[in-house]
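Per chain, numbering begins at 1; letters A, B, ... match sequence-line order.
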Number of protein chains: 2
Amino acid sequence: MFENMPCDLCASFQPENGDEWRDAARRYAVRRGQAIGDIAGTDSWCASLATGILRIDASQGAPPRTVGLIFPGQIVAHPSDADPCGTAVVAVTRSDICLHARDDLRQVTERHPGVRRLLLRSAFQTLAETRRWMLVISRPRARERVAAFLVSVAGRFPTSDHDTFDLALSRGRIGELLGLSLETVSRQIHALAKAGLIALPGRRHVKLLNRSGLGAVAGMTFRHPSGAVA
Amino acid sequence: MFENMPCDLCASFQPENGDEWRDAARRYAVRRGQAIGDIAGTDSWCASLATGILRIDASQGAPPRTVGLIFPGQIVAHPSDADPCGTAVVAVTRSDICLHARDDLRQVTERHPGVRRLLLRSAFQTLAETRRWMLVISRPRARERVAAFLVSVAGRFPTSDHDTFDLALSRGRIGELLGLSLETVSRQIHALAKAGLIALPGRRHVKLLNRSGLGAVAGMTFRHPSGAVA
DNA sequence: CGGTACATTGACTGTCATCAAGCTACGTGG
DNA sequence: CCACGTAGCTTGATGACAGTCAATGTACCG
């Protein structure tokens with residue numbers, strides 16, 4: 001079923017059907033915990049996420065810390081020359097990606113204006129999203145940050161699931177993302193549950209009971225642009 | 001003296017000297033506090049900063065908060081379609097920018113591969129830099145954040161000034177950037193001075209006495225890529 | 001000379017990180 | 001099937017730290 005699912009990047013080629021593009025793009029199934037860099041090699045690469053969730057780890061400093069998430073439909077590019085200090089892109093869950101090597105991508109972007117516009121657009125959108133995240137994690141109250149995180153993740157899933165979704169991240173990793181200790185994350189999640197805003201059917205499963213109320217606690221509204229670039 | 005100073009974007013045109021580029025680029029002097037958007041109009045735009053410092057304000061929510069800074073040599077692009085919720089780019093100090101309207105830029109990027117590579121590169125680098133900032137402001141200790149801020153700003157200035165530089169930002173705005181109250185910023189700056197790591201010749205002037213020591217307090221090393229995109 | 005914006009300093013309170021101890025779920029191997 | 005180990009989660013106690021409120025101080029501008 002995955003083999004025929006088009007990714008954003010590939011979809012932008014339908015009208016033209018460039019041969020070099022189809023040759024360049026390779027579909028990969030990524031194991032949980034596997035780094036995309038290990039698949040792509042040391043060179044720069046660019047990928048479109050079909051299914052699963054990826055995380056961006058800042059590899060500088062020990063231990064490495066997660067600084068961002070990538071959801072299906074987003075594009076993730078890793079230009080090794082522009083980011084020498086290093087971020088690694090790792091699969092949080094088993095994921096399916098559409099991977100392109102750097103040289104292939106350059107050739108294609110030369111010839112296809114639509115692709116490079118998509119890439120640039122994706123980069124801008126990811127940047128805007130990252131800046132919104134900065135607003136979240138610069139808030140003093142842990143409650144607001146956790147609520148904002150939940151609202152953000154919930155926004156990635158269709159509402160048809162009865163507003164129930166999987167967090168995919170451990171408490172510790174959520175803490176890294178929000179600048180909180182894992183204990184504080186756990187406490188705040190349960191506090192939101194006690195407040196009746198969410199329910200916790202499982203350890204990593206969350207059901208939204210009061211979406212707007214949760215948004216009010218978060219103190220902001222989220223929009224999710226389609227792009228994501230590391 | 002400013003009129004002839006080349007910006008990164010313009011410099012990438014020297015070999016080709018495209019006419020349409022020279023026509024599209026306009027040099028502007030921006031007053032302190034003035035928004036670039038007011039100059040460029042409602043459309044998307046792209047600018048290269050020659051002198052001065054700009055700040056990126058997240059205009060969503062009241063009051064607007066500063067989420068990033070732009071230093072000379074960086075490119076700042078504002079794609080209005082990709083960022084509908086809104087960030088405004090405002091001059092912190094009097095600045096000189098090289099401004100391009102969106103339509104002109106699109107034409108130029110179609111014809112000049114170097115320019116679009118520069119833009120994409122700039123976007124990636126700014127994204128990487130923003131993610132490093134997230135690492136800074138997610139740190140629990142205010143001391144580390146303030147130290148990191150000082151190291152970062154200091155890195156923008158040549159070391160020949162005896163390591164003395166102007167902060168350009170008020171305590172309050174530094175606090176917004178770091179997710180701290182203005183009082184905490186003030187206290188931490190003075191604490192760093194008492195610790196002998198910096199000196200404070202003036203209210204907004206800082207002299208680095210122990211650069212590596214400050215970096216140690218900050219807990220990380222900074223590199224400054226040349227790109228910046230809003 | 002007064003006004004405004006910014007900065008400093010102090011006192012106090014609330015919150016969060018830290019340490020520590022159990023607890024749950026899950027996978028492995030006996 | 002169960003014992004066991006590990007990783008993740010929860011919960012509690014405590015102290016440090018940063019936010020808040022408040023007052024004063026300082027530069028800069030007209």
Review point. Listed by chain and number, what are the salt bridge (charged side-chain N to carboxylate O under 4.0 Å, His left out) partners of B:E144, not counting sequence neighbours?
Key: B:R139
Exercise for review: Identify, with sequence neighbours excluded, every residue that meets side-chain hydrogen bond (donor to acceptor under 3.5 Å, both in side chains) alongside A:H190.
Suggested key: none
Study note, to complete from the structure: Residues at least two apart in sequence or cross-chain that pass side chain to side chain contact (heavy atoms under 4.5 Å, CB included) with B:A168, listed by chain then number, are B:I53, B:V92, B:T93, B:D166
Study note, to complete from the structure: Between CZ of A:R171 and P of C:dA17 the distance, given in whole Å, is 15 Å
Point to revise | Parallel, tilted or perpendicular: rings of A:H78 and A:W45 (30°, 60°) | key: parallel
Check your understanding: Is any NZ, NE, NH1 or NH2 atom of the basic residue among A:R211 and A:D163 found under 4.0 Å from an Asp or Glu carboxylate oxygen of the other?
Key -> yes
Review point. Between which nucleotides of DNA chain D, 5' to 3', does chain B make heavy-atom contacts below 4.0 Å?
Key: D:dC17 to D:dT26
Exercise for review: Identify whether any heavy atom of B:R145 sits under 4.0 Å from a base atom; if not, whether one sits that close to sugar-phosphate; answer base, sugar-phosphate or nothing.
Suggested key: nothing
Check your understanding: B:L200 CG to C:dT9 P: how many Å, rounded?
Key -> 10 Å
Check your understanding: Is the distance from OP1 or OP2 of C:dC16 to the nearest side-chain N or O of A:Q188 less than 4.0 Å?
Key -> yes
Practice item. Grab the CD-P distance between B:E144 and C:dC16 for me, whole Å please. Key: 18 Å
Which atom pairs, one a donor and one an acceptor, fall under 3.5 Å between side chains of residues 173-182 of chain B and the rest of the protein, sequence neighbours left out?
unit_1 : atom_1 : unit_2 : atom_2 : d
B:R173 : NH1    : B:T66  : OG1    : 3.2
B:E176 : OE1    : B:T66  : N      : 2.8
B:E176 : OE1    : B:T66  : OG1    : 3.4
B:S181 : OG     : B:T184 : N      : 3.3
B:S181 : OG     : B:T184 : OG1    : 2.9

Exercise for review: Please name all residues satisfying side chain to side chain contact (heavy atoms under 4.5 Å, CB included) with A:A35, sequence neighbours left out, ordered by chain then number.
Suggested key: A:D38, A:V90
Check your understanding: Could you give the angle between the helix axes at the two ends of the helix from C:dC1-D:dG30 to C:dG30-D:dC1, with five pairs per end, rounded to 10 degrees?
Key -> 40°
Exercise for review: Would you mind building the protein contact string for nucleotides 18-25 of chain C? One character per nucleotide, 5' to 3', B for base within reach (heavy atoms under 4.0 Å), S for sugar-phosphate only, - for untouched.
Suggested key: BBB---B-
Check your understanding: With A:S186, which residues qualify under side-chain hydrogen bond (donor to acceptor under 3.5 Å, both in side chains), at least two apart?
Key -> none
Exercise for review: Sequence neighbours left out, what passes salt bridge (charged side-chain N to carboxylate O under 4.0 Å, His left out) with A:R55? Give chain and number order.
Suggested key: A:D57
Exercise for review: Would you classify A:G202 as touching base, sugar-phosphate or nothing, given that sugar-phosphate means primed atoms plus P, OP1 and OP2, and contacts are heavy atoms under 4.0 Å?
Suggested key: nothing
Check your understanding: Just checking A:L180: base, sugar-phosphate only, or nothing, at a heavy-atom cut-off of under 4.0 Å?
Key -> sugar-phosphate
Point to revise | Partners passing side-chain hydrogen bond (donor to acceptor under 3.5 Å, both in side chains) against A:S138 (at least two apart in sequence or in another chain) | key: B:R65
Exercise for review: Please name all residues satisfying salt bridge (charged side-chain N to carboxylate O under 4.0 Å, His left out) with A:R187, sequence neighbours left out, ordered by chain then number.
Suggested key: none
